[in-house]
Every structure is written in structure tokens, then in C-alpha cells.
Amino acid sequence: MPVSGPAADSAAGPGAADFLPLSRAEMEARGWDALDVLLVTGDAYVDHPAFGAALLGRWLEAHGLRVGIVAQPRWDTPTDVARLGRPRLFAGVTAGALDSLLAHYTAFRKRRRDDAYTPGGRAGARPNRAVIVYSGLLRQAFPGLPIVLGGIEASMRRAAHYDFWDDNLRRSVLLDSKADVLVYGMGERAALEIARRLQSDPRTARRPDSAAARELLRGIPGTAWWHGAAARPDAAAAQPLPSYEDIQADPRRLMAATLMIEQQALRHSPALCQSCEGRTVLFAPPPPPLTTAEMDALYALPFQRRPHPAYREPIPAAEMIRFSITSHRGCAGGCSFCALALHQGRQVQSRSAASILAEAAALTRDPAWRGSVTDVGGPTANMWGAVCAGRWETCRRASCLFPELCRRFRLEQTQAIRLLRNLAALPGVKHVRSASGVRHDLALGSVEYVRALVAEFVGGQLKLAPEHSAPRVLRLMRKPDFAVFERFLNLFETECRRSGRELYVVPYLISAFPGCTDEDMRRLAAWLGRRGWSPQQVQCFIPTPGTVASAMFYGGIAEDGAPIFVARSDAARLRQHRLLLNAVKRTGSRRHEQPRPAVAD
Ligand code: SF4
């Protein structure tokens with residue numbers, strides 16, 4: 001059932017003028033009769049850089065564009081997406097911070113009851129396949145308006161992909177949504193270029209229309225576009241992926257397509273194309289990563305760091321991040337199940353220490369400030385400042401850390417400690433916490449880093465992601481050997497004794513990963529039992545769209561094409577999951593029990 005978001009055309013409440021407009025009244029208060037860009041999102045509008053619509057909206061606003069947001073619109077009628085009027089240039093569509101199917105269903109396809117990105121934390125504020133549904137509504141509301149997809153749902157579904165919820169292969173979401181262009185990855189550069197081209201071309205400057213826009217917007221770095229059956233020079237110049245029909249005929253072909261898309265996302269590589277039912281989808285290479293100066297400028301935009309005042313109930317995700325700081329984006333880890341490197345890139349893009357310190361100083365002036373910076377991090381806490389000393393543009397490795405640390409990977413973890421200490425020394429700051437997951441193989445490279453983390457910056461629990469203990473499974477995941485995790489635990493425990501602090505490790509574990517057998521799960525459970533651990537962060541593997549691990553699940557093969565065992569049915573997956581949970585329960589230990597429930601239920 002659709003539910004309504006904030007009341008349409010709600011009067012501008014206190015502080016509303018400091019946010020991007022959510023209503024006609026707020027547009028009119030700014031003296032705007034029309035927007036340049038309308039953003040439609042499946043999340044509530046929280047004006048914080050961790051929310052994609054806010055980040056992109058503020059970025060476009062900083063480049064002189066009039067941007068408004070329709071957040072969590074009704075989807076039984078186009079009137080809600082139309083409430084700010086037809087924008088002059090284009091409408092951007094995102095499902096929100098998560099793929100809408102992942103947001104709605106557990107690993108065993110049960111409906112979730114909550115949604116952290118919605119007022120009151122209630123589920124049901126966005127439709128399944130949100131980008132397709134929102135695009136359809138926009139087509140009805142504004143015929144001919146260029147529609148641009150973005151965000152994680154669109155990004156990871158940009159080519160033919162396995163859909164766990166349909167248990168089937170799906171076409172590119174660009175074709176299913178009938179949108180004009182898709183922005184993959186972090187969209188700042190691509191979205192700005194789209195706006196500039198539409199603004200500056202005489203064919204579209206007055207009233208852009210979908211067909212002309214599709215011509216004009218081809219080839220922008222970081223985008224995908226499509227065209228019909230007629231042969232086109234851009235497709236002739238692109239490297240062909242296995243087609244949708246090829247993959248349907250032989251699911252193992254999804255692996256080849258996924259690895260080619262991954263390579264394109266990680267380095268400078270040629271355009272790709274994929275044919276599907278007589279049409280062709282093309283994928284331009286990604287734009288260059290943001291520089292430190294650009295990252296600093298982005299995070300210095302006038303974010304209010306809180307939900308728009310139209311909301312009456314708290315939004316759990318906004319509460320969680322209100323006093324946290326994003327220090328970097330991108331991940332060099334390249335884990336095969338993770339969408340992050342594919343979305344944010346392998347190159348770590350870090351903010352400067354000065355920019356992070358300025359943000360922390362601003363946090364201390366918030367009336368709700370209680371003295372704690374709750375997190376300083378990114379996808380992986382200890383990758384801030386990491387750089388490639390080689391030529392990443394031509395590097396074919398999917399991971400800088402696996403199967404072994406690349407000798408060109410440079411990371412000075414003592415810099416991170418200096419940063420955390422400088423943050424802690426700011427007036428009004430009582431605590432600084434590092435709550436993002438730590439990459440334990442990297443942390444082992446600096447005893448000084450682990451010592452400082454333990455003594456000063458871990459609040460009680462340290463999140464680590466060994467994910468499994470079986471060597472074969474870890475290789476399929478592109479994770480370090482389990483012995484590395486055990487070495488880290490020894491160091492961690494030594495440092496806990498040295499500092500006199502009682503801290504716990506929160507190990508994140510995955511059951512039913514492709515290649516994992518029941519016996520592998522029993523061995524992992526036995527290891528946990530020997531340590532007397534009762535971890536609650538056990539996630540049953542979900543083959544999310546577009547990852548290498550999902551290609552393993554769908555095709556039943558490893559990256560090298562070798563056949564692997566896959567626990568495919570829900571019954572087989574649940575059995576693996578229970579093997580771990582039940583064995584852990586039998587230990588009767590409450591040590592290391594975590595406060596959050598298991599993700600899969
Ligand atoms: S050369 Fe090494 S550090 Fe640079 S991108 Fe490749 S793997 Fe990473």
C-alpha cells in the first residue's frame with residue numbers, strides 16, 4: 001500500500017528555508033516558479049551528506065541550479081511526484097540508500113517490519129523496484145521530460161543482472177524503467193554534466209524532451225544509455241558484454257559480464273555494450289575520482305545535518321549518523337560480495353584533516369551535541385588517506401589487498417591516529433569513536449594504530465569482518481586467510497590487557513556463501529564454540545544485484561569458471577544458517593553477545 005510522505009505543499013516550518021524545497025510553498029518562498037532539477041527519492045529527505053539525494057541536491061545547488069526534492073511519494077497516483085511542478089531540465093530518480101528489495105525483505109524473503117530511512121522507522125514508505133515505479137510516475141506526470149536514474153539500486157542493476165527476489169535474470173533497469181540515462185557510482189560529475197548539456201544545447205535548453213536528451217547525453221563518463229535496433233557508431237566502438245539472451249541461455253555467462261563491468265568500474269577502460277531483445281545498452285567508463293580538494297568542497301556545502309522540519313517523527317538512520325563524520329569514500333578491498341567498491345570505486349578518496357576537523361567543530365555547536373563524535377570513517381574505518389603509488393588507471397587487480405597486499409598500496413595509519421587525537425582535543429569534544437568496520441589485515445600493519453584504537457577510540461566493541469574460516473570460501477570472497485584474523489585477535493587482546501580496557505570484537509560472519517558447505521559451517525561453529533563466542537552478526541548470504549558473488553550464485557561457478565557447490569534453495573541456506581546459530585547457542589556462552597539481533601530471521 002502506498003503511504004503518503006510529508007503533507008504536500010506543507011507550509012514552510014521553522015528552518016525550512018535552509019533546506020532544499022520539499023513543497024511549492026518552499027519554492028515560492030525562494031522566489032522560484034520552477035525547478036531546474038527535481039530529485040525523487042525513496043528515502044525521507046535528511047539534509048546530510050550520507051543521504052544521496054541531499055548530497056547530489058546540494059552539489060547541483062552549489063553549481064547554480066534550482067533543485068527540489070520529492071521524498072517517498074505516493075505511488076498509486078502521479079500527483080505526488082508532480083507536486084513541485086515540471087522541472088526545466090530533468091528529473092533524477094533514486095530508490096534511496098538501499099536497493100528497495102533489500103530494504104524490504106530479509107535473507108529468507110520475509111517482509112521487514114522496519115525501515116531506518118523513514119519517519120518513525122516504519123516499513124512501507126517506498127515501493128518494490130522503486131526506480132522503475134518512480135520513473136513510470138514521472139513519465140505520466142511530465143510526458144517527454146528527461147529522466148535520469150541514479151543511486152545504488154540503479155547503479156548495481158545497470159546491466160542484465162540476477163535478481164534474488166524474482167530468482168531470475170532481469171534486463172538492465174534502464175530498459176525496464178524506460179528512463180533516458182542512468183548514472184552509476186557516485187554521481188556528482190555525471191549529474192552536473194547532464195545538467196550542463198541540457199542547459200547549453202539549443203535543442204533542449206527551452207523545453208528538454210526525452211528523445212533529444214537521449215541523443216545529447218550519450219557518452220558522459222559514469223553513465224549508461226540505450227538505443228534501439230539501428231546500428232550506431234557508439235555501439236560499434238564499445239566492447240560487447242555477453243548479451244541478456246546469452247546469459248539466459250547459459251547462466252555461467254553472467255560471471256564474464258560481471259567481471260568486465262567490475263573492471264570498467266575500477267579503472268579507465270573502454271565503453272561497454274550489452275544487447276537485449278533488439279536494443280543496446282551502453283556503458284561509458286567512470287569519471288575520475290574526486291580529489292581531496294573536491295571532497296572537502298563537497299562536504300563543506302551547507303548541509304543542515306538533520307531531517308527536513310516537515311517531518312514529525314524521528315528518522316532512525318538520521319539519528320544514528322547525526323554526530324558521525326565521513327572521512328573518505330571508496331574501498332580498496334574488492335570483496336566479491338560487496339557493492340561498495342563497484343559503486344564508490346577502488347580508489348580511496350579522502351577528505352583533508354582540516355576539513356574533517358572543521359566539520360567536528362561545527363558539530364559541537366549543534367544544540368543537541370552531547371560531546372561525542374560517534375564515528376569517523378567510511379566504508380572501512382582504517383582506509384582514510386590510502387593511495388595508490390602506481391597507475392591505478394591501468395591496474396587490472398580487483399583488490400589492492402587480496403590475494404596479498406599490493407606493494408604500491410600506501411597507507412599511513414598513524415596519520416589516522418593523529419587525526420582522531422586532534423578531533424578529541426577540540427573544545428567541547430569528550431569522546432571520538434571509530435565505529436565503522438576495521439580492515440584487520442591492514443590494521444596488523446601498525447601496532448601503534450591498534451594500540452591507540454584500543455586505548456582511546458573503541459567504545460566497547462570493535463567491528464571486524466572475518467566473514468568465514470574456511471580457506472576455500474574466503475578465497476571466493478576475496479578475504480584474507482583466517483590465520484590473519486587470529487593474529488589480529490591476539491594483538492587486540494594483548495592491547496586490551498595493556499590498556500586495562502574490557503573491549504569486545506564483533507565478528508561479522510556470512511552463512512551459505514557460494515562454495516560454502518554444511519561442513520564448512522560446522523567448522524566455523526566449532527571454532528566459535530572453542531572461543532566461547534556467541535556472535536549475533538551472522539548474515540545469511542543475499543545475492544544482491546551486480547556483484548561477483550551473485551554471479552557465482554547464479555552460475556554455480558567461481559571467478560575462474562570452476563564449478564562450485566551453491567546452497568541455493570531457501571531450505572539449504574537456512575540449514576547452513578541454523579548450523580551456526582544452533583551450535584553457537586549450545587555453547588551457552590553469553591560472552592561477546594551483541595545487542596543487535598541477527599540480520600536474517
Ligand atoms: S597498483 Fe596496487 S595499489 Fe594501485 S590500484 Fe592496483 S592493486 Fe591497488
Side-chain angles (χ1 to χ4, degrees), residues 155-156 184-186 188-189 221-222 239 255-256 258-272 283-295 326-352 377-416 419 436-446 449 465 467 474-481 484 488 546-549 551 558-560:
S155 192
M156 298 307 290
Y184 68 86
M186 304 303 281
E188 295 92 357
R189 291 194 199 283
Q239 210 174 322
M255 180 60 78
T258 305
L259 292 173
M260 286 172 76
I261 290 168
E262 182 184 58
Q263 280 293 306
Q264 191 196 43
L266 302 184
R267 64 193 176 96
H268 281 320
S269 54
L272 300 173
F283 309 89
L290 296 189
T291 62
T292 292
E294 287 170 322
M295 286 286 286
T326 302
S327 55
H328 60 282
R329 62 164 68 156
C331 181
C335 301
S336 65
F337 51 84
C338 183
L340 261 171
L342 287 167
H343 188 63
Q344 297 194 353
R346 176 186 52 190
Q347 291 311 299
V348 178
Q349 299 150 69
S350 301
R351 295 169 62 187
S352 68
T380 304
N382 52 336
M383 277 192 198
W384 179 69
V387 291
C388 168
R391 296 192 58 213
W392 66 268
E393 299 92 332
T394 55
C395 171
R396 299 190 72 88
R397 285 180 58 155
S399 166
C400 306
L401 314 182
F402 179 88
E404 71 287 318
L405 185 66
C406 174
R407 61 194 167 83
R408 297 189 181 89
F409 185 75
R410 301 280 185 275
L411 176 63
E412 188 48 74
Q413 293 178 88
T414 48
Q415 274 179 21
L419 171 67
S436 301
V438 164
R439 185 82 194 198
H440 55 270
D441 49 348
L442 282 181
L444 268 175
S446 171
Y449 174 76
E467 309 294 9
L474 288 168
R475 276 196 299 279
L476 289 166
M477 292 175 167
R478 301 182 183 154
K479 294 294 284 188
D481 196 87
V484 177
F488 180 85
T547 64
V548 172
E559 284 180 57
D560 62 4

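Start at 1 and go down the list; that is how both ligands and their atoms are numbered. Computed from a prediction, not measured in an experiment: that's the story for all the values here.
- Atoms SG and CD, from Cys400 and Gln347 in turn, are 6.0 Å apart once rounded to the nearest 0.5 Å.
- In this structure, Arg396 does not count as a contact residue of ligand 1, since none of its heavy atoms falls inside 4.0 Å of the ligand.
- Salt bridge absent: Arg475 and Glu559 never bring a charged side-chain N and a carboxylate O closer than 4.0 Å.
- Among the backbone and side-chain atoms of Cys406, no N/O/S atom is found under 2.8 Å from atom 6 (Fe) of ligand 1.
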Please step through side-chain contact (heavy atoms from CB on, under 4.5 Å) for the pair Tyr184 and Gln264, ending with a clear verdict. CA-CA 11 Å; Tyr184 68 86; Gln264 191 196 43; 3.8 Å; yes
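- Of the possible polar contacts, one joining the Asn382 side chain to the Arg439 backbone as a donor-acceptor pair under 3.5 Å is found.
- Using a 4.0 Å cutoff on heavy atoms, Arg346 counts as a contact of ligand 1.
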Step by step, work out the side-chain contact (heavy atoms from CB on, under 4.5 Å) result for His328 and Arg351. CA-CA 6 Å; His328 60 282; Arg351 295 169 62 187; over 6 Å; no
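- The atoms of ligand 1 that sit less than 4.0 Å from any heavy atom of Cys400 are 3 (S), 5 (S), 7 (S), 8 (Fe).
- Remark: ligand 1 atoms within the under-4.0 Å shell around heavy atoms of Gln347 are 5 (S).
- Near Arg397, the atoms of ligand 1 lying under 4.0 angstrom from a non-hydrogen atom of the residue are 7 (S).
- Of all atoms in ligand 1, numbered sequentially from 1 with element shown, those under 4.0 Å from a heavy atom of Cys388 are 1 (S), 3 (S), 4 (Fe), 5 (S).
- When heavy-atom distances to ligand 1 are checked against a 4.0 Å cut-off, Arg407 has no atom that comes that close, whether in backbone or side chain.
- Counting the atoms of ligand 1 from 1 in the order shown, those under 4.0 Å from a heavy atom of Cys395 are 1 (S), 5 (S), 6 (Fe), 7 (S).
- Without hydrogens or angle criteria, Ser436 side chain to Ala381 main chain gives no donor-acceptor distance under 3.5 Å.
- In this structure a side-chain-to-backbone donor-acceptor pair under 3.5 Å is present from Arg346 to Arg397.
- The ligand atoms of ligand 1 that sit less than 4.0 angstrom from a heavy atom of Phe409 are 3 (S).
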